[in-house]
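Since the structure comes first, as structure tokens, the remarks are kept for the end.
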Amino acid sequence: MKIILLFLLLISFLFGQEDQQDSSYTLGSGKKVGSLPLYLGGYFSTDYRSTPETQHNRFRVDDIAFLAYGSSNKFSYMSELEYKEFYVKEWSDGNTSIQKHNKLRIERLYLDYNYDENLVLRVGKYNSPIGYWNLMPINVLRATTSSPLSSSMIYPKYTTGIDLSYLLFSDYEVKVDFLAQNNNDFDDAYNNFHIDKHYGVGVTYSKNDLSLKLNGGYFHTKKKVLPSDDIYYWLASLKYDNDHFKIMGELGTQFDKNGLLVPYSGYIQGMYRITEQHLPVIRFESYSSNVLLGRKKDQFVILGYTYRPVFPMAFKAEYQLHEDNEKDKVLFSFSVMF
């Protein structure tokens, strides 16, 4: 694994050198292919996790992704294929296991039609436009290595169907999203819920540095992993972002016709920009679930720090302090976008 890490660091260094020498390429923006409306790029991330109480350790080459995107006139598109958990090594008490997943998955594949500056139609597989965290799918762009549980417990991360968004401009902005899926996913295995239906609406209000958002929806699961196949959700979100700090928060609930499945799951996170390279972060999370096995409730704090030598490259560290000490974790990660 040392060889793999050295190889990844070497690739990052070479791209960084190219960034300095070739003005036609910017690290993180992809490489334009001739005169075609096509950019090719990608990203990868590795991470290491340790659980001090149980002495359980894990190293992963987590994401190896390939991007193709571009635009022409009123059309734009995005294709993202990814190896997820490409290499996973776990060890504890002298026992070691290694897993490899070498199947290329479809994470995103969609086409946009910009009717005008107000109305956009999206068709294909895309990140569900729910909350704010779910719209940051790439590790290097996020503030922490780990994601809040609300982003995986409440709603489907991906939707395969259509999304219609309308933006109203004034001295503020109001955006309304309508999403609809009534078909199978392009890649059922690459989603947190296996769904064949998903309908939702979202309203976002933004003014200056403040943004508020409310989402609600329904989805149908193909595999009965929950007490019901027909699931509903709500999620309220906020974001405040200025030159010095960024605050994000989300709070959601999930239910079926018989009652609450996840009474609540949410977080509040603050990040301070010491400089553009040095970014400490703190996040508080809490959830209550009636469907998870084991512990039904938890609340914990995450203390993190991100160092960005350049924006599309990040070294991250975080420590998770749980009510249950056995769940405390230390995480380190390295990620870069080309």
Side-chain angles (χ1 to χ4, degrees), residues 1-16 27-28 30-31 40-68 79-109 125 127 133 136-149 151-152 157-158 185-194 302 304-310 312-320 327-338:
M1 291 315 299
K2 291 180 180 179
I3 295 175
I4 294 176
L5 283 175
L6 289 172
F7 175 75
L8 297 178
L9 289 171
L10 176 61
I11 293 293
S12 303
F13 174 77
L14 292 175
F15 268 83
L27 186 67
K31 185 71 174 178
L40 297 178
Y43 62 90
F44 67 78
S45 65
T46 65
D47 61 53
Y48 166 76
R49 184 187 72 190
S50 177
T51 308
E53 287 292 321
T54 60
Q55 294 297 306
H56 183 268
N57 303 277
R58 183 193 70 190
F59 171 79
R60 297 188 302 181
V61 178
D62 188 27
D63 298 318
I64 302 177
F66 306 96
L67 303 173
S79 169
E80 180 176 353
L81 305 178
E82 179 171 296
Y83 292 108
K84 186 66 176 175
E85 294 193 327
F86 183 76
Y87 178 94
V88 182
K89 179 180 180 180
E90 298 183 80
W91 65 97
S92 178
D93 296 328
N95 298 316
T96 301
S97 66
I98 294 177
Q99 292 183 326
K100 298 178 182 180
H101 303 91
N102 55 8
K103 184 173 182 179
L104 200 58
R105 298 293 186 182
I106 300 175
E107 181 166 353
R108 291 184 288 176
L109 182 61
K125 183 173 182 177
N127 289 88
W133 193 277
M136 300 183 293
I138 299 175
N139 181 297
V140 71
L141 302 179
R142 301 194 299 257
T144 58
T145 300
S146 64
S147 295
L149 290 175
S151 66
S152 59
K157 291 183 178 181
Y158 300 98
D185 196 324
F186 287 158
D187 188 346
D188 276 333
Y190 207 100
N191 210 344
N192 54 326
F193 295 102
H194 291 190
I302 294 173
Y305 197 91
T306 297
Y307 170 63
R308 298 183 183 275
V310 291
M313 183 184 297
F315 296 86
K316 301 177 188 176
E318 67 179 75
Y319 191 81
Q320 296 185 9
K327 289 192 172 186
D328 290 355
K329 296 180 181 68
V330 180
L331 289 92
F332 299 95
S333 71
F334 168 68
S335 54
V336 63
M337 187 174 182
F338 303 115

- Query: Nearest heavy-atom pair of Trp133 and Pro148: which atoms, and what distance?
  - Reply: CE2-CD, 3.2 Å
- Between the CG atom in Asn127 and the CE atom in Met136, the distance rounded to the nearest 0.5 Å is 10.5 Å
- Query: Okay, side chain of Lys84, backbone of Arg105: is any donor-acceptor separation there less than 3.5 Å?
  - Reply: no
- Query: Rounded to the nearest 0.5 Å, how far apart are CZ of Arg49 and OG1 of Thr145?
  - Reply: 12.0 Å
- Message: The test is side chain to side chain contact (heavy atoms under 4.5 Å, CB included); show your working for Phe334 and Met313 and say whether it passes.
- Response: CA-CA 8 Å; Phe334 168 68; Met313 183 184 297; 3.6 Å; yes
- Item | Exercise: identify the closest heavy-atom pair between Asp187 and Asp185 | N-OD1, 2.9 Å
- Interatomic spacing from OG in Ser92 to CZ in Arg58 - rounded to 0.5 Å: 13.5 Å
- Ile98/Tyr87 under side chain to side chain contact (heavy atoms under 4.5 Å, CB included): CA gap, chis, key distance, verdict: CA-CA 7 Å; Ile98 294 177; Tyr87 178 94; 3.6 Å; yes
- Query: At their closest point, which heavy atom of Lys89 faces which heavy atom of Trp91, and how far apart are they?
  - Reply: O-CZ3, 3.6 Å
- Taking the six-membered ring for Trp, are Phe59 and Tyr48 ring centroids under 6.0 Å apart? no
- Glu85 side chain reached by Asp62 side chain, heavy atoms, under 4.5 Å: yes
- Message: If you define the side chain from C-beta out and look only at heavy atoms, does anything of Phe338 sit under 4.5 Å from Leu40?
- Response: no
- Counting distance only, does the side-chain N/O of Arg60 pair as donor-acceptor with the main-chain N or O of Phe86 below 3.5 Å? no
- Query: Counting N and O atoms only, with roles assigned by atom type, does the side chain of Lys103 sit under 3.5 Å from a partner on the main chain of His101, one being a donor and the other an acceptor?
  - Reply: no
- Message: Quick check: do Tyr43 and Asp63 have side-chain heavy atoms less than 4.5 Å from each other?
- Response: yes
- Would you please classify the geometry between the Phe66 ring and the Tyr83 ring as parallel, tilted or perpendicular, with 30° and 60° separating the classes? perpendicular
- Task: Check Leu109 against Phe186 and note the closest heavy-atom contact, atom names and distance.
- Result: O-CE1, 3.7 Å
- Spell out, as yes or no, whether a donor-acceptor pair under 3.5 Å connects the side chain of Glu318 to the backbone of Thr144. no
- Ser146 side, atom OG; Leu331 side, atom CG - distance, nearest 0.5 Å: 6.0 Å
- Query: Would you say the side-chain atoms of His194 pair up with the backbone N or O of Asp188, donor to acceptor, closer than 3.5 Å?
  - Reply: yes
- Message: Looking at Lys316, is its backbone amide N or carbonyl O close enough to the side chain of Thr306 to form a donor-acceptor pair, meaning the two atoms are under 3.5 Å apart?
- Response: no
- Query: Hey, what do you get for OH (Tyr305) to CZ (Phe315), rounding to the nearest 0.5 Å?
  - Reply: 13.5 Å
- Note on the structure: Rounding to 0.5 Å, atoms OG1 (Thr51) and CG (Asp328) come to a distance of 8.5 Å
- If you take all heavy atoms of Pro137 and Arg142, which pair is closest and at what distance? O-NH1, 3.3 Å
- Paired with Tyr190, the side-chain hydrogen bond (donor to acceptor under 3.5 Å, both in side chains) test is passed by just one of Arg108, Lys125, Glu107, namely Glu107
- Non-hydrogen atoms of Ser152 and Asn192 that approach each other most closely: O-ND2, 3.0 Å
